[in-house]
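To keep things clear, I will list the structure first and then write my remarks on it.
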Amino acid sequence: QVQLVESGGGLVQAGGSLRLSCAASGRTFSRYTMGWFRQAPGKEREFVASVSWSGGRTYYADSVKGRFTNSRDNAKNTVYLQMNSLEPEDTAVYYCAAGALQYGSGNLKGSERPGYWGQGTQVTVSS
């Protein structure tokens, strides 16, 4: 079982940066793919980024590639999403997610499905 708690959301101007953190409970954190999804008002939840259990592979949505960086620190049971060059279109509730199975592919965009979710943190980008 994995429990996830996000932090770091807030209000930022366009072009600015934020770093989201997700603290995970459980001794097996290092065995799970970790990632981020987001949901804007009136839209479906969408994939943003994910990182494999070892940290060696990362995957990104095309809309954030080159601007966002997903990383993890297994010693701290924490995953991060560094968001740079933020745009108003990035405004959403951001959810941390863990893969459903241990030692998965790392790709929560397609070949692996999320199994655990955090409660979400609001990110608002003003123009």
Side-chain angles (χ1 to χ4, degrees):
Q1 191 76 5
V2 178
Q3 294 181 322
L4 307 172
V5 179
E6 302 98 334
S7 61
L11 173 64
V12 64
Q13 288 188 332
S17 298
L18 279 176
R19 188 176 81 156
L20 305 183
S21 299
C22 174
S25 65
R27 294 173 294 174
T28 59
F29 168 81
S30 62
R31 302 177 187 178
Y32 289 88
T33 295
M34 298 297 300
W36 297 88
F37 288 72
R38 67 187 182 186
Q39 187 167 19
K43 295 187 177 181
E44 294 187 353
R45 190 174 298 189
E46 64 175 2
F47 169 82
V48 175
S50 62
V51 57
S52 62
W53 59 272
S54 67
R57 296 184 302 276
T58 52
Y59 301 84
Y60 296 94
D62 289 342
S63 59
V64 307
K65 203 171 293 183
R67 299 187 298 122
F68 291 11
T69 302
N70 191 188
S71 61
R72 65 190 298 158
D73 185 338
N74 286 342
K76 295 182 178 180
N77 276 19
T78 302
V79 63
Y80 305 98
L81 184 68
Q82 178 66 44
M83 305 185 293
N84 298 329
S85 301
L86 282 161
E87 304 167 352
E89 293 74 21
D90 296 315
T91 295
V93 177
Y94 283 70
Y95 296 91
C96 179
L101 301 176
Q102 297 181 17
Y103 302 119
S105 70
N107 184 3
L108 292 180
K109 182 179 182 179
S111 58
E112 186 179 0
R113 66 176 182 86
Y116 306 92
W117 295 94
Q119 83 287 352
T121 185
Q122 176 70 46
V123 172
T124 302
V125 184
S126 63
S127 57

Working note: Val2 + Tyr32, criterion side-chain contact (heavy atoms from CB on, under 4.5 Å); need CA distance, chi angles, decisive distance, verdict.
CA-CA 9 Å; Val2 178; Tyr32 289 88; 3.7 Å; yes

Scan side-chain atoms only and decide if Thr33 and Ser52 contain a donor-acceptor pair under the 3.5 Å cut-off.
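There is no such pair between these side chains.
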
Residues which pass ring pair (Phe, Tyr, Trp, His ring centres under 6.0 Å) with Phe47, listed by chain and number, not counting sequence neighbours:
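Counting only residues at least two positions away or on another chain, Phe47 forms a ring pair (Phe, Tyr, Trp, His ring centres under 6.0 Å) with Phe37.
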
Disulfide (SG to SG under 2.5 Å) pairs, two or more places apart, involving residues 6-102:
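Qualifying pairs: Cys22-Cys96.
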
Which residue pairs pass the disulfide (SG to SG under 2.5 Å) test with at least one member in residues 64-94, sequence neighbours excluded?
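Every candidate disulfide (SG to SG under 2.5 Å) pair involving residues 64-94 fails, so no pair, neighbours aside, qualifies.
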
Go through the structure and list residues passing side chain to side chain contact (heavy atoms under 4.5 Å, CB included) with Val12, not counting sequence neighbours.
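Partners of Val12 by the side chain to side chain contact (heavy atoms under 4.5 Å, CB included) criterion, ordered by chain and then number, come out as Leu18, Leu86, Val125.
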
Applying side chain to side chain contact (heavy atoms under 4.5 Å, CB included), name anything that partners Arg67, two or more places apart in sequence or on another chain.
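With neighbours one apart ignored, the set is Val64, Ser85, Glu87, Asp90.
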
Could you list the cluster mates of Tyr103? Members are the ILVMFWY residues connected by side-chain heavy atoms closer than 4.5 Å, either directly or through other members.
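Grouped by the 4.5 Å side-chain rule, Trp53 form the rest of the cluster around Tyr103.
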
Measure the acute angle between the ring planes of Tyr94 and Phe68, then classify it against the limits of 30° and 60° as parallel, tilted or perpendicular.
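Taking Phe68 first and then Tyr94, their aromatic rings sit tilted (interplane angle of 30° to 60°).
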
Could you measure the distance from the OG1 atom of Thr69 to the OH atom of Tyr80? Nearest 0.5 Å is fine.
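It comes to 14.0 Å.
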
According to the side chain to side chain donor-acceptor pair (under 3.5 Å) rule, which pairs have a member within residues 8-19, sequence neighbours left out?
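Non-adjacent pairs meeting side chain to side chain donor-acceptor pair (under 3.5 Å): Ser17-Asn84.
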
Tell me, which pairs form a salt bridge (Lys or Arg N to Asp or Glu O under 4.0 Å) where one or both residues lie in [range], sequence neighbours left out?
range           : result
residues 95-122 : none
residues 42-53  : Arg38-Glu46
residues 51-64  : Asp62-Lys65

Tell me every residue that passes side chain to side chain donor-acceptor pair (under 3.5 Å) with Thr124, counting only those two or more places apart in sequence or in another chain.
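Applying side chain to side chain donor-acceptor pair (under 3.5 Å) to Thr124 gives Gln122.
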
Thr28: partners by side chain to side chain donor-acceptor pair (under 3.5 Å), with sequence neighbours left out
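Not a single residue meets the side chain to side chain donor-acceptor pair (under 3.5 Å) criterion with Thr28.
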
